[in-house]
Each structure stands twice: as C-alpha cells, then as structure tokens.
Amino acid sequence: MTAKKTTSVPRPNRALPSKGVEWLHNPIFNKGTAFTEAERDALNLRGLLPPQVQTMDDQVKRVMTNYRNKTSDIERYIQLVGLQDRNETLFYRIVMDNLEEMMPIIYTPTVGKACQEFGHIFRRSRGMYVSMKDKGNIQKVLENWPTRDVKVIVVTDGERILGLGDLGVSGMGIPIGKLSLYTACAGINPTQCLPITIDMGTNNETFLKDPLYIGLREKRISGEAFDAVMEEFITAVKKVFPGVLLQFEDFGNGNAFRLLENYRNQLCTFNDDIQGTGSVALAGVLSALRLTGGKMSDHRVLMSGAGEAGMGIADNICAVLMEEGLSLAEARKRIWFVDSKGLIVKGRTDLVAHKKHYAHDHAPCADLLSAVKAIKPTMLVGVSGQPRTFTEEIVKFVGSYNARPVIFALSNPTSKAECTAEEAYTWTEGRAVFASGSPFAPVTYNGKTHVPGQGNNSYIFPGVGLGVVATGATRVTDAMFVTAAKALAALLREEELAEGRIYPSLKRIHEVSLKIAVAVAEEAYQSKLATQPRPADLPAYIASQMFKPEYPNYA
Ligand code: NAD
C-alpha cells in the first residue's frame, strides 16, 4: 500500500520503503511502537509490532531509564549509537533534549574511547568507507550512497584522532559524532549528512595486529600516493555531490594544512581542527577580555603546541589584532609558540612553513617552563596533546603577575588536558579564566563556584554549516569564522560571565547556532558567495530550515 502525504513535518529525502518490515528496519523512517493504528494498517505493519501504540514521550522515558541505568560511558555511547541505527528521529529527540548530558558521550571525551575500541564495539556500518584500494573507482564508490541530496560531508583519514594519534578507520567515530552534532546543535537534516572515512592505512601497531581491526592491515601511504587518492576523492565529491560542504577532520598536520590550501578555493570546504578551533578559541579569548580588561593588543599569548589547533587560534587572534590597528607582522609578534623542541624562535632551522610566521627574535628556550618565564604570557593556551604540561610551577608563575591569568588547557580528550580545572583555579587562588577542550565539572574554591568554559568546537561548526547550507555559499572563508567567534562571544550574558563562564551554557546551543548561522549568512551575502536569493526575513528563514525531531504521519 502506498503511504499518503498528510503531514506538515518534512519528509526524509529517500524513497519510501515498499514492505512493512522495511519501515521498521530503516532508521530514517522507523517510529517503532509509535506507528499509529492508521499507519499500521496503511503500511502493512500489523503483527510486526506489539499491540500497544506508544507516544514518542513514552519511548523517551524507556530510553532514558535504560541510559541512566548504564554503568559506564562507553555503554551509554553504544546504546545511543544503537538507537541512532534503529530510529534516528527518536535519537535526535533524546540528544537534542539532553545535549549537555549527552555531548560528552556522542563527542569528546567518550567518542575518543569509542574510536579506540571501534572494531570491538562495531555493530552496523554508518556513512561511507573509501579506501586507497578504491583508487580509480572512487566516484563509483560514492555513487553507491542512496541519495545525491547531501549537504554536509565530514571526512577523516583517522591519522590524528583528537589527541589520541593514528586510529586508522577506527577514527570513523569522529565524522559520525560531528555530523550528529551538526543536527543536534544546528538542525542540519540528518538525511543530508554523510560521514566518510578514507582508509589510507594505519601506522598504529596495536591495530595492525588486532584481528578485530576493521580497516586495511597496511601501513599508511604518504606523499604523492596520498595526494593522488585525495585528488580523486575531491574530484568525485564535486561530481557526485556538487555544492556540498566538505569538512576536513582529524587529518595529521603533515597533510591538513596542505589539503586546506589546495582545496579551499576549489570547493566549499574547511578544516575544523584549524579554522573551527581558531574560531571557538577566539570567542573564548574575546570573552576573557571582558574579565581581564584591556584590548587584545594589551596581551601576550603563549601557545603550547604549534599544530593545526595552535595555528588556527593564532591566525584568528591576529585577525582581531589587525582590527585593532596592528599590521599582520605586529600582530604575529604578540603570539609565541612552544613546540616539542621548545620556544619557536628565528634561529631555529627545523621549522616547517606554518611555524615560521610565528618565529620571533629571541634566545632559545628548551621547554615550556623556561619559555613561560621568558615571555611572561598573559594568556597561556595548551594545544599540544601533552597531558599535565601546565604544571603547578608554570600556572603559579603565570598567576604571579596577572590579576586574571587566562589559562586554556584545550587538549582532548580529558586525559590529555594540560591541567585540570581544579588545578587552574586552586593554583591561582580562584583567579584563572579557564577553558578546556573536554568538559570539566564546576569547581568550588574558597566558597565560590567557578564554571569552567569548554572551548568546544560544536559551538561554532554547526552554526557555520547551517549558514553556509542555507545560503548555498560556494566557499567557506576565514572571515566567516571570525564573524562566528564574535557572534558567539556576544551571546555570553553578564550572569554567565559572573560564574566564570566564557562560553554560553550548552543549553542555549540552538539559539547560539542560529545566531551564528545568521551572522555567517550575512557574511556570505556581503562577500557575494551566496547562491540562494536573500530571504526578506533571514533569521526566520534559517530557523525554518532547522530539522525538528518529530515523527511524520505516514498514514
Ligand atoms: P597537531 O598534531 O596538529 O599539533 C600538536 C602540536 O603539539 C605539534 O606542533 C607538536 O609539535 C606539539 N607538541 C608535541 N609535544 C609537545 C610538547 N611536549 N610541548 C609543546 N608542544 C608539543 O594537533 P592539533 O590538531 O593542533 O591538536 C592538538 C590538541 O588540541 C589535541 O589534543 C586536540 O584534541 C586539541 N584540540 C582541541 C580543540 C578544542 O578544544 N576545541 C580543538 C582542536 C584540537
């Protein structure tokens, strides 16, 4: 029997199932026990479901009871992914209603553990796997995806998953998780999202020996061989999904900068580890200025870690310094870097191109402690993936000459953070303006409760994505990320700031994503990158594009 169209809830962009049982086994259409009596008749579902028709609220109750009864976060992750694979609408209803609680499960830190165990907890394939063995056929592979109506792709090769290193195809948990956040935070329709992992091999010896590893048991390819696969992949993406927004995710830094430079003017693409991080950290810095006082140009920033995140943050801070009237060269001089070999200075001969921009005239410093003592930063930012490197001595020193020392320990997951929230507040007698990459619980010090900021990229990329998709923008620009950072910082309320927060509560994420999307859309119209006509009421139009986790009526 054919389903009639009688609903105002937008329908998925897929052909409707033809047999009763297919409605239940397709997560996009499945409503489980919530299929109504009329739908059970119309769709040949009689007998395939228990007789009691339940509401979505009944289903939510059941899932949440089971969820809260689980004894570990990885079990909660497995439960949620299982739900996503059975019933996407219910999954998003639950995640969207409980985002603060579930973000650390579907994203960092639990997703990191899920990636490490990916082959062992694997249940059902989601998204697409392209491998270096598909070379010559990548377009055909992509054509196997059931729809061409894809608006956002997140792609990884798994070489640098969070701060956990090379996880090969087990890194797939990241594109899946990020796309879940595109929907949960900004309402990008889940049926228009496509996670992709490219198997370029792995150098992870544990995985190479693990019989349950689900990728190719081969060493990583690099150089020309790597670039040739990427070139074919990008060409195929442009053909099969023209106009799609392609997000590069967790590529190793030996490739990430080059890929971004090579492709950012060829299609609508960005790298979240570089640009998204740069944007969310800039928002944190702008909010921190409200607590420290002064302008950006009054500050000295020391970054520990000169990779994708560090460079993205530094470049965005430079954009603000230039708005304050500094030249690019003067702006860069306000920012210092330490990498695994010590302070980045002019005399060093081992610097790759992106580090040279920030190599200043200075005597060498072998490690972070001596660099901190020499530079005396007002803002100390950790993006090195090296845990506990903000030692008591370092944090106390930075606290000794700053009334409000800005300490961002951004490395993920929690186990990699440069220091904990409690350490930052305790070692500075509660004066630190603190943010981390993974969440930390509020800390009470001397009777005052401090709410640590989480410099979570999901404040930024979902809203940027929504703005880009809604306007049909043909490129993603650095200006869009600076705009997004300013929009985010502007949303922080005085009462939130008083609690020590430098980001709005995640409870406000839908409002935040919409505001960012509108700001990015304005930027797209101004820079003439939009391909969609400007609607009379831009915020209302963008809001109307946001997915709502409601069941359509198929009867
Ligand atoms: P990356 O591999 O590109 O860069 C890491 C950098 O750290 C390299 O420059 C390396 O030389 C440097 N490094 C290594 N050992 C060091 C040491 N002992 N001291 C100082 N520097 C050292 O990685 P990335 O993409 O820049 O990410 C780095 C970390 O930042 C990861 O843990 C990641 O999870 C985190 N991160 C956080 C956010 C966020 O909070 N929103 C976003 C992106 C990345």
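First listed ligand is number 1; within each ligand, the first listed atom is number 1. Only a predicted model underlies this, so the values are computations on that prediction, with no experimental measurement involved.
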Give me the residue, atom name and distance of the protein heavy atom closest to [atom].
{"atom": "atom 31 (C) of ligand 1", "value": "Gly163 CA, 3.9 Å"}
{"atom": "atom 27 (O) of ligand 1", "value": "Arg160 NH1, 3.3 Å"}
{"atom": "atom 5 (C) of ligand 1", "value": "Val383 O, 4.0 Å"}
{"atom": "atom 33 (C) of ligand 1", "value": "Asn412 N, 3.9 Å"}
{"atom": "atom 26 (O) of ligand 1", "value": "Ala309 N, 2.8 Å"}
{"atom": "atom 37 (C) of ligand 1", "value": "Leu410 O, 3.0 Å"}
{"atom": "atom 4 (O) of ligand 1", "value": "Gly307 CA, 3.2 Å"}
{"atom": "atom 39 (C) of ligand 1", "value": "Gly455 O, 3.3 Å"}

*Take every heavy atom of Leu368, measure it against each atom of ligand 1, and state whether any distance is under 4.0 Å.*
no
*Quick one: sort the Tyr503 and Tyr459 rings into parallel, tilted or perpendicular, breaks at 30° and 60°.*
parallel
Heavy atoms only: which of [options] lies closest to [atom]?
{"atom": "atom 22 (C) of ligand 1", "options": "Ser340, Ser304, Gly165, Ser411", "answer": "Ser340"}
{"atom": "atom 7 (O) of ligand 1", "options": "Pro387, Ser384, Ser458", "answer": "Ser384"}
{"atom": "atom 21 (N) of ligand 1", "options": "Ile274, Asp339, Thr108", "answer": "Asp339"}
{"atom": "atom 15 (N) of ligand 1", "options": "Gln386, Met303, Glu418", "answer": "Gln386"}

Does any N or O of ligand 1 fall below 3.5 Å from an N or O anywhere on [X], backbone included?
{"X": "Asp273", "result": "no"}
{"X": "Asn253", "result": "yes"}
{"X": "Asn457", "result": "yes"}

Which ligand 1 atoms, with their elements, are less than 4.0 angstrom from a heavy-atom of [X]?
{"X": "Val338", "value": "20 (C), 21 (N)"}
{"X": "Gly437", "value": "40 (O)"}
{"X": "Thr277", "value": "38 (C), 42 (C), 43 (C)"}

Are side-chain heavy atoms of [X] and [Y] found at a separation under 4.5 Å?
{"X": "Cys193", "Y": "Thr183", "value": "yes"}
{"X": "His354", "Y": "Val352", "value": "yes"}
{"X": "Arg300", "Y": "Lys376", "value": "yes"}
{"X": "Val476", "Y": "Thr269", "value": "no"}
{"X": "Tyr425", "Y": "Pro452", "value": "yes"}

Is [X] salt-bridged to [Y], cutoff N-O under 4.0 Å?
{"X": "Lys178", "Y": "Asp272", "result": "yes"}
{"X": "Lys219", "Y": "Asp166", "result": "no"}
{"X": "Arg76", "Y": "Glu101", "result": "no"}

*So among Leu80, Val81, Val111, which one has a side-chain contact (heavy atoms from CB on, under 4.5 Å) with Ile105?*
Leu80
*Qualifying residue, where the test is side-chain contact (heavy atoms from CB on, under 4.5 Å) with Leu302 and the options are Val398, Ile335, Leu343*: Leu343
*Can you confirm whether something in the protein, heavy atoms only, sits under 4.0 Å from atom 43 (C) of ligand 1?*
yes
_For a quick test of reading the model, state the closest non-hydrogen atom pair linking Asp273 to Phe248 and the distance between them._
OD2-O, 4.2 Å
